There are 2 protein chains.
Amino acid sequence: MSPRGREPLTRERVLGAALELADGGGFESLSMRKVAAAVGVEAMSLYNHVANKEDLLDGLVDIVFGELEAPEPGAADWKDALRRRAHSMRDVLNRHRWAVGLMESRVAPGPENLRFHNATMGCLREAGFGFREAVHASSVLDAYIYGFALQERSLPFDTPEEHGAVIEVKQAAIPDMTPFPYLVEVMTEMATAGYDYATEFAFGLELILAGLEP
Amino acid sequence: MSPRGREPLTRERVLGAALELADGGGFESLSMRKVAAAVGVEAMSLYNHVANKEDLLDGLVDIVFGELEAPEPGAADWKDALRRRAHSMRDVLNRHRWAVGLMESRVAPGPENLRFHNATMGCLREAGFGFREAVHASSVLDAYIYGFALQERSLPFDTPEEHGAVIEVKQAAIPDMTPFPYLVEVMTEMATAGYDYATEFAFGLELILAGLEP
DNA sequence: ACCTGAACACCGTTCAAGT
DNA sequence: ACCTGAACACCGTTCAAGT
């Protein structure tokens with residue numbers, strides 16, 4: 001029995017604690033020692049359930065893939081299915097900002113990763129896209145979605161008002177903006193009207209979806 | 001005089017050594033101690049020329065922004081200017097793969113960063129885009145470019161042949177692919193025909209450019 | 001003014017030792 | 001079978017001390 005009669009440590013409990021740490025304190029606060037402390041154990045005990053930190057990250061990333069809404073097989077409206085998929089990805093990547101740079105770079109894709117990408121390719125192929133066309137379509141969609149999430153990630157607040165305040169601080173830190181008139185325009189406009197990420201995301205997504213056809 | 005009659009240490013020399021380290025050994029090999037060793041000094045000496053590691057990264061990122069080809073003021077063909085800008089960004093981000101996750105998230109934008117974004121907004125505004133339209137356009141373009149670079153970054157090789165070989169290894173590592181028929185199609189096709197990132201990038205870029213109009 | 005040694009509070013990971 | 005203490009080779013950064 002574990003110390004203090006705790007339930008036994010499992011890979012799932014380790015991943016769960018790690019996910020909570022990453023979502024809460026950010027990726028840099030995700031250390032083996034802190035994960036261990038969160039499950040009430042010494043750091044070295046984690047290696048009984050996880051090969052190393054890379055393996056832990058693989059597990060975390062696949063949990064995130066599991067939260068994504070994959071297109072249903074045989075969806076009636078493929079464009080709507082891809083639209084819902086894209087919005088789901090933005091939502092999930094905003095919940096797990098630390099994951100943005102990791103999702104695409106896993107060398108060992110997990111089962112949820114495979115499921116998700118298989119469903120995406122299936123949606124496109126069934127909609128009548130040729131093989132190369134389907135690759136093109138999913139490539140441009142995912143590049144846009146991940147890239148948008150990357151830009152959105154850096155902003156540590158949610159409402160347009162908060163955003164405006166930060167822009168003002170940023171602007172004040174720059175000595176002389178006169179050589180950059182178009183940036184002045186952007187910053188003053190952002191500071192007053194704010195910046196709506198949801199609208200912005202939808203604009204680019206619809207532009208891309210409009211350009212895709214089997 | 002510095003030890004062994006070396007030229008004096010400057011911020012530029014520190015940034016130059018750091019850039020070389022990051023480009024060579026990858027971002028994780030970029031430590032204050034290794035940068036210091038590269039310029040023949042102890043780690044603590046760097047703090048005379050750089051506030052901290054964050055400041056060093058700010059400096060590196062702005063060097064990368066300086067390598068980007070910004071649209072010329074008064075460009076005759078705005079679409080071609082943005083096309084050249086996009087390809088330049090892909091080239092530079094491939095030379096400095098470590099920079100992909102950092103470019104968009106700098107809290108303190110450097111002068112080259114300002115120059116580049118001002119030129120981009122200027123190109124769009126002069127082409128007749130309204131303010132919000134210009135923001136939409138640069139947002140979708142940059143999200144796509146950064147996202148594409150993010151996906152391209154993970155592949156540590158350049159030719160389609162090498163890529164095919166890695167796909168085969170990846171495929172062999174997965175136990176049972178029968179639940180994922182569309183992925184099997186992707187992987188066999190990739191393993192035989194390879195994957196041309198330049199063509200793929202151009203497809204998405206042209207799709208987006210075609211959808212943009214003032 | 002710039003460089004350094006020693007120190008602090010951290011990392012991931014290994015390994016022999018415990019139960 | 002699982003957990004641990006001690007250890008190793010690293011981090012970024014501070015600070016008092018050197019020149």
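Every value quoted in this text rests on a predicted model; they were computed, and no experiment measured them. Throughout, a chain's letter reflects where its sequence line sits, starting with A, and its residues are numbered from 1.
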Spacing of [X] atom [atom1] relative to [N] atom [atom2], expressed in whole Å:
| X | N | atom1 | atom2 | result |
| --- | --- | --- | --- | --- |
| A/E42 | C/dG18 | CD | C1' | 14 Å |
| A/L57 | C/dG12 | CG | C1' | 12 Å |
| A/K53 | D/dC11 | NZ | P | 15 Å |
| B/H49 | C/dA1 | NE2 | P | 13 Å |
| A/N52 | C/dC15 | CG | P | 14 Å |
| A/L46 | D/dT4 | CG | C1' | 12 Å |
| A/Y47 | C/dA16 | OH | C1' | 17 Å |
| B/L21 | D/dC11 | CG | P | 11 Å |

Checklist entry - Which residues in residues 26-35 of chain A have at least one heavy atom lying under 4.0 Å from any atom of DNA chain C? => result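 Output list: A/L30, A/S31, A/M32, A/R33, A/K34.
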Item to check | Point-to-point distance, once rounded to the nearest 0.5 Å, from CZ of B/F129 to CE of B/M121 | outcome: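 Spacing of CZ (B/F129) from CE (B/M121) equals 10.5 Å.
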Item to check | Gap separating the CZ atom of A/R83 from the CD atom of A/E206, nearest 0.5 angstrom | outcome: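 Nearest 0.5 Å value for the CZ-CD distance: 4.0 Å.
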Checklist entry - Quick one: does B/H96's side chain have a donor or acceptor within less than 3.5 Å of a partner on B/D23's backbone? => result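 No: the side chain of B/H96 does not pair with the backbone of B/D23.
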Next on the checklist: Looking at B/R85 and B/P71, would you say the former's side chain and the latter's main chain have a donor-acceptor pair under 3.5 Å?
Outcome noted: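 Not confirmed, B/R85 side chain does not pair with B/P71 backbone.
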Checklist entry - Quick one: which of C/dC3, D/dC15, D/dG5 gets closest to the side chain of B/M44? => result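 Comparing C/dC3, D/dC15, D/dG5 against the side chain of B/M44, the answer is D/dC15.
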Item to check | From C/dT4, D/dT4, C/dT13, nucleotide with atom closest to A/A43 side chain | outcome: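 Out of C/dT4, D/dT4, C/dT13, the nucleotide with an atom closest to A/A43's side chain is C/dT13.
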Item to check | Watson-Crick or G-U stems of DNA chain C, 3 or more pairs, under 3.5 Å, by first number | outcome: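 DNA chain C stems, ordered by first number: C:4-8 with D:12-16, C:12-16 with D:4-8.
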Next on the checklist: Whether B/D62 and B/R115 form a salt bridge (side-chain N of Lys/Arg under 4.0 Å from carboxylate O of Asp/Glu) is what I want to check.
Outcome noted: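 Not counted as a salt bridge, because no side-chain N and carboxylate O are separated by less than 4.0 Å.
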Next on the checklist: Over 60° means perpendicular and under 30° means parallel, so tell me whether B/F201 and B/H87 are parallel, tilted or perpendicular.
Outcome noted: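 Rings of B/F201 and B/H87: perpendicular, as their planes differ by over 60°.
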Item to check | Mutual orientation of the aromatic rings belonging to A/F148 and A/Y144 [parallel < 30°, tilted 30-60°, perpendicular > 60°] | outcome: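 Judged by the thresholds at 30° and 60°, the geometry between A/F148 and A/Y144 is tilted.
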Checklist entry - Would you say a side-chain N or O of B/S45 is under 4.0 Å from OP1 or OP2 of C/dT4? => result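 Indeed, a polar side-chain atom of B/S45 lies that close.
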Checklist entry - Cut-off 3.5 Å, side chains only: do A/N94 and A/E152 have a donor facing an acceptor? => result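 Yes, side-chain donor-acceptor contact under 3.5 Å.
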Checklist entry - Are B/Y195 and B/Y197 close enough that their ring centres sit under 6.0 Å apart? => result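 When the ring centroids of B/Y195 and B/Y197 are compared, they turn out to be within the sub-6.0 Å range.
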